[in-house]
Amino acid sequence: MSAGVEVEGAAHAREVLPFVDDGVYLHQTTITGEDGTRHRYRDLADALASGEDGVFRVHAHVPVDREPVAPLGTTRAHLASLLACLRSKDVCSQLEVETYTWTVLPPRLRGADLVEDVVRELTWTKGVLEEER
């Protein structure tokens with residue numbers, strides 16, 4: 001369970017997304033244009049160099065319990081929708097919190113303590129799963 005980074009517009013993407021590139025992991029990126037066309041890129045650098053404009057969604061795990069400072073956003077709303085679906089369908093009994101990238105996550109996107117961050121993520125997730133239908 002995780003959320004990715006999202007930002008709208010190529011100018012904002014070029015401004016704020018390079019700090020997500022940790023040099024360790026690939027950051028698969030999709031760009032969805034206004035017409036709904038979706039372009040997929042193997043890594044963030046390729047997407048930024050493409051000249052495409054639209055909504056950039058980047059595979060870079062960020063905490064699910066909070067939003068970064070604009071213009072960055074996250075895919076947390078999509079995760080909440082998925083969790084609501086899981087709740088209503090009783091599909092699985094376990095979820096995994098991904099923490100292996102915490103050490104390469106930019107400090108402004110994580111808290112001061114890994115354990116506290118995971119507790120906050122689990123609390124947020126439990127809240128979404130327990131919401132009234």
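Not measured: the values here are computed from a predicted model.
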(request) Please report the C-alpha distance between Glu131 and Val128 in whole Å, then the side-chain angles of each, then the deciding distance to 0.1 Å, and finally whether the side-chain contact (heavy atoms from CB on, under 4.5 Å) criterion is met. (result) CA-CA 5 Å; Glu131 286 179 0; Val128 172; 4.3 Å; yes

(message) For the CD atom of Glu8 and the CZ atom of Arg57, what is their distance to the nearest 0.5 Å?
(response) 9.0 Å

(request) Please confirm whether the backbone N or O of Trp124 pairs with a side-chain atom of Asp65, one donor and one acceptor, at under 3.5 Å? (result) no

(request) Decide, yes or no, whether a salt bridge links Asp113 with Arg120 under the criterion of side-chain N to carboxylate O below 4.0 Å. (result) no

(request) Begin from the C-alpha positions of Leu72 and Phe19 and carry the test side-chain contact (heavy atoms from CB on, under 4.5 Å) through to its verdict. (result) CA-CA 11 Å; Leu72 277 180; Phe19 83 90; 3.3 Å; yes

(message) To the closest 0.5 Å, what do you measure between CG (Leu83) and OG1 (Thr125)?
(response) 6.0 Å

(message) Taking Val104's backbone N and O only, do any of them form a donor-acceptor pair with Asp22's side chain (distance below 3.5 Å, no angle check)?
(response) no

(request) Calculate, to the nearest 0.5 Å, the distance between atoms OG1 and CD belonging to Thr32 and Glu52 respectively. (result) 10.5 Å

(request) Hey, could you give me the CZ/CD1 distance between Phe56 and Ile31, rounded to the nearest 0.5 Å? (result) 3.5 Å

(request) Indicate if Leu17 and Leu26 have the same hydrophobic cluster label, given that clusters are the connected sets of ILVMFWY residues with side-chain heavy-atom separations under 4.5 angstrom. (result) no

(request) Please check if Val55 and Leu48 belong to a single hydrophobic cluster, counting links between Ile, Leu, Val, Met, Phe, Trp and Tyr side chain heavy atoms closer than 4.5 Å. (result) no

(request) Taking His27 for its side chain and His59 for its backbone only, find out whether a donor-acceptor pair lies under 3.5 Å. (result) yes

(request) Report whether Val64 and Leu129 are members of the same hydrophobic cluster (ILVMFWY, side-chain heavy atoms less than 4.5 Å apart, transitive linking). (result) yes

(message) Before you tell me yes or no, could you show the steps for Glu6 and Thr75 under side-chain hydrogen bond (donor to acceptor under 3.5 Å, both in side chains), namely the whole-Å CA-CA distance, both residues' side-chain angles and the distance that decides it to 0.1 Å?
(response) CA-CA 6 Å; Glu6 181 176 87; Thr75 59; over 6 Å; no

(request) Could you check Arg76 against Glu67 for side-chain contact (heavy atoms from CB on, under 4.5 Å), going step by step and ending with a plain yes or no? (result) CA-CA 8 Å; Arg76 179 172 72 165; Glu67 289 285 334; 3.4 Å; yes

(request) Kindly determine whether Glu96 and Gln94 satisfy side-chain contact (heavy atoms from CB on, under 4.5 Å), including the steps that lead there. (result) CA-CA 7 Å; Glu96 175 184 301; Gln94 296 180 12; over 6 Å; no

(request) Determine whether Trp102 and Val20 fall in the same hydrophobic cluster, where Ile, Leu, Val, Met, Phe, Trp and Tyr are linked whenever their side-chain heavy atoms lie under 4.5 Å apart. (result) no

(message) Using every non-hydrogen atom in the two residues, find where Pro63 and Leu105 come nearest and quote the distance to one decimal.
(response) CD-CD2, 3.9 Å

(request) Would you indicate whether the side-chain heavy atoms of Val16 and Pro68 approach each other to under 4.5 Å? (result) no

(request) Consider only side-chain heavy atoms of I, L, V, M, F, W and Y, link residues closer than 4.5 Å, and tell whether Val7 and Leu79 are in one cluster. (result) no

(message) Distance check, rounded to the nearest 0.5 Å: Thr37 atom OG1 versus His39 atom NE2?
(response) 5.5 Å

(message) Nearest 0.5 angstrom please: Asp117 CG to Glu121 CD, how far?
(response) 7.0 Å

